[in-house]
Amino acid sequence: MSVTEMFSYIQGFLSADQDVREDIRKVVQNLEQTAREILTVLQSVHQPSGFKEKGQLCSLAGKHFTASVECTGGEESFEIESEFHEHWRFVLQRLAFLAAFAVYLESENLVTREEVAQILGIEVVREKGFHLDIEDFLAGVLIMASELSRLAVNSVTAGDYSRPLRISNFINELDSGFRLLNLKNDPLRKRYDGLKYDVKKIEEVVYDLSIRGLAKESESGGN
Amino acid sequence: VCIVSGEGWSRRNVEAAQEHDVHANPSSPIVAAFKVFQQELDTKHDKYERLVKISRDVTIESKRTIFLLHRVTNRCNQLLIQLNYLNLFNVLCGFMMVVFRALGIQEYVEAVSFLHYIRHRSLISLEEINARLVFMRTENAPPLGAHVLTFQVTPADYLLGVADLTGELMRLCIGSVGNGDIDTPFQLSQFLRQIHDGFSYIGNTGPYEVSKKLHTLRQSLGKVEDACYTLRVRGSEIPKHMLADVFSSRTTHMDTEEGVV
């Protein structure tokens with residue numbers, strides 16, 4: 001192959017790459033839109049009337065999640081996913097957060113990675129296809145922690161004094177869990193550093209309730 | 001190949017911390033989940049560290065090969081080159097299933113294409129490079145892995161490696177004049193021009209580093225073209241043993257950081 005032929009050949013690849021990038025961008029945009037819609041639905045728990053409609057919220061969110069599944073399906077191949085991971089990262093983390101948040105609202109448990117993958121319609125293990133990285137999952141959990149600290153505050157405002165206690169226990173367990181991890185100095189570590197502020201905020205809420213005798217003794221029950 | 005003592009230290013540390021962690025409730029499902037995450041993350045990080053080390057090794061070996069190729073003036077030293085090459089392969093074998101962008105690949109492409117040019121006076125193709133990157137795994141294969149492992153250089157890495165190659169070709173040109181070889185510069189000039197034209201064709205549709213390298217490429221091409229001009233105009237006037245001096249003074253005049261090899 002002559003030099004000129006070689007470069008033409010390479011150019012072919014580069015053009016194809018650009019096309020793929022365009023396609024991915026469009027898919028990511030759709031996913032981000034879906035994520036925003038889900039967030040809007042879930043955000044209403046912060047309203048005073050919020051958690052009564054909790055059940056409806058979660059099923060509404062569920063419908064949107066299925067839509068996002070359709071987005072991710074089809075075009076993903078292993079090479080595309082690893083090479084262009086950065087394009088996906090933000091929206092994937094958001095979706096993980098939304099899934100975790102929805103599951104917490106329903107069951108007050110920490111969602112598992114498998115559950116998130118199922119909700120989003122993707123795999124967990126890299127070899128099987130488009131998958132959820134453990135770092136992205138954990139990032140989503142941390143985003144949820146911030147959301148929960150906000151929910152603790154708003155729960156008190158709405159008159160629910162037991163929820164913050166349950167949130168507090170939950171966040172403390174999350175914190176313990178995260179402290180088990182050997183994190184590198186990467187974005188996940190930086191995000192984890194923010195968890196302590198969430199912990200502190202919730203502790204303050206619990207403190208405010210306790211000294212005023214508003215905190216209920218039992219840790220279960222409530223809403 | 002892992003740094004055993006380092007790993008052991010950090011694991012012991014973590015376990016000690018766990019025991020002192022008053023909040024940790026071992027029976028909590030959340031904590032149990034995070035223990036699994038811990039193991040998974042540790043494995044992932046270890047693998048990444050190994051990859052970084054291998055990338056560094058590839059870079060070092062590639063650069064050594066390039067220096068060797070510059071030093072070589074006769075065919076007898078081909079054997080030395082082969083050995084160095086083999087080292088590169090052994091190092092690359094360690095790549096296994098590469099999932100992250102590896103850093104030494106451009107240097108590898110640079111070294112391999114340099115060797116190929118010296119031997120064949122042509123540009124090695126991406127396919128030829130990838131055809132050699134097939135390894136047989138001799139030790140125990142992992143549950144998922146095949147016995148034949150391949151590593152593919154991407155078009156982007158190939159492009160960047162070739163861009164770096166042009167710098168070495170320029171040095172080869174100046175160096176060959178110093179050795180009394182007045183044919184190589186003209187061949188190189190032609191070759192380099194073709195590569196430069198190829199990059200111009202690609203323009204900025206390639207990875208963003210290409211634009212920076214294109215600038216250096218233009219400088220290299222300029223030096224080579226000037227060298228050919230000097231040879232053509234004044235080559236017959238200057239005794240061969242003095243040609244090297246003429247070129248070394250020219251290149252130091254043009255660019256203080258480039259020197260005659």
Side-chain angles (χ1 to χ4, degrees), chain A residues 1-19 21 78-79 81-86 104 108-115 124-128 131 133-135 137-138 141 169-186 188-189 199, chain B residues 7 10-11 13-15 17-18 21-25 28-42 44-45 48-49 97-101 122-128 144 152 154-156 158-159 162 190-203 205-207 210:
Chain A
M1 222 189 238
S2 76
V3 175
T4 322
E5 283 168 337
M6 190 66 234
F7 276 87
S8 295
Y9 176 67
I10 295 286
Q11 167 71 320
F13 276 103
L14 296 176
S15 300
D17 259 9
Q18 281 200 311
D19 292 340
R21 248 178 258 269
F78 172 51
E79 295 88 25
E81 190 225 317
S82 27
E83 181 143 343
F84 298 110
H85 192 133
E86 283 314 306
Y104 179 81
E108 306 215 347
N109 285 325
L110 177 64
V111 69
T112 66
R113 237 187 331 158
E114 288 73 17
E115 283 175 306
V124 175
V125 177
R126 184 181 294 276
E127 284 77 14
K128 295 218 191 88
H131 81 302
D133 239 358
I134 183 171
E135 283 99 345
F137 169 74
L138 291 172
V141 170
N169 287 336
F170 182 71
I171 292 288
N172 284 331
E173 278 195 52
L174 275 185
D175 189 42
S176 304
F178 269 99
R179 272 187 275 142
L180 289 175
L181 302 180
N182 301 316
L183 297 175
K184 304 183 90 176
N185 255 337
D186 57 4
L188 178 62
R189 176 100 197 265
V199 169
Chain B
E7 252 178 54
S10 70
R11 292 246 161 86
N13 230 28
V14 165
E15 278 153 29
Q18 270 175 255
D21 193 336
V22 293
H23 292 291
N25 177 5
S28 145
I30 291 183
V31 170
F34 271 85
K35 284 192 179 140
V36 173
F37 297 154
Q38 178 205 61
Q39 282 168 354
E40 201 174 316
L41 271 178
D42 283 351
K44 199 169 180 184
H45 291 159
Y48 183 73
E49 288 304 319
M97 298 253 304
V98 175
V99 205
F100 308 98
R101 283 292 290 275
S122 70
L123 178 64
I124 193 173
S125 73
L126 179 57
E127 275 163 3
E128 283 171 299
L144 296 170
Q152 298 292 287
T154 64
Y158 172 81
L159 211 56
V162 169
Q190 168 80 331
F191 184 63
L192 225 58
R193 212 173 282 130
Q194 287 176 329
I195 294 185
H196 171 266
D197 293 349
F199 271 99
S200 299
Y201 174 65
I202 299 251
T205 64
V210 168

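No experiment lies behind these values; they were computed from the predicted model shown.
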Ignoring hydrogens, what is the shortest heavy-atom contact between B/V162 and A/F7? Give both atom names and the distance. CG1-CZ, 4.5 Å
Salt bridge (charged side-chain N to carboxylate O under 4.0 Å, His left out) partners for B/E49, two or more places apart: A/K184
Once rounded to the nearest 0.5 Å, what's the spacing between atom CD of B/E40 and atom CD of A/E135? 8.5 Å
Does any part of the side chain of B/I124, heavy atoms only, come nearer than 4.5 Å to the side chain of A/M6, both counted from C-beta? no
Under a 4.5 Å cutoff for heavy-atom pairs, which residue among A/N109, A/T112, A/L138 has the most contacts with chain B? A/L138
Check whether any side-chain heavy atom of B/I30 sits under 4.5 Å from a side-chain heavy atom of A/F170, and report yes or no. yes
Evaluate the side-chain proximity of A/T4 to B/D197: yes if any heavy-atom separation is below 4.5 Å, no if none is. no
What distance do B/Y48 atom OH and A/D186 atom CG have between them, rounded to the nearest 0.5 Å? 10.0 Å
Nearest atoms (heavy-atom pairs only) where B/H45 meets A/N182: CE1-O, 3.4 Å
Side chains of B/K44 and A/D133: closer than 4.5 Å at any heavy-atom pair? yes
Which atom of A/L14 lies closest to which atom of B/T205, heavy atoms considered: CB-O, 4.1 Å
Given heavy-atom pairs under 4.5 angstrom as the criterion, report whether the side chain, backbone, both or neither of A/Q11 touches chain B. both
Let me confirm one number: the CG-CG distance from B/D42 to A/L181, rounded to the nearest 0.5 Å. 8.5 Å
Below 4.5 Å, heavy atoms only, C-beta onward: do B/F37 and A/R113 meet side chain to side chain? yes
Roughly how far, to the nearest 0.5 Å, is CG of A/N172 from OG of B/S28? 11.0 Å
Between B/E127 and chain A, with a heavy-atom cut-off of 4.5 Å, which part of the residue counts as in contact: side chain, backbone, both or neither? side chain
Part of B/F199 lying under 4.5 Å from any heavy atom of chain A: both
Which atoms of A/L174 come close to chain B, meaning under 4.5 Å heavy atom to heavy atom: side chain ones, backbone ones, both, or neither? both
B/L126 versus chain A, the contacting section by heavy-atom distance below 4.5 Å: both
In terms of heavy-atom proximity below 4.5 Å to chain B, should A/S8 be classed as side chain, backbone, both, or neither? both
Step by step, would you call B/L159 with A/F13 a side-chain contact (heavy atoms from CB on, under 4.5 Å)? CA-CA 11 Å; B/L159 211 56; A/F13 276 103; over 6 Å; no
Given that the side chain runs from C-beta out, which part of A/Y9 has a heavy atom under 4.5 Å from chain B: side chain, backbone, both or neither? side chain
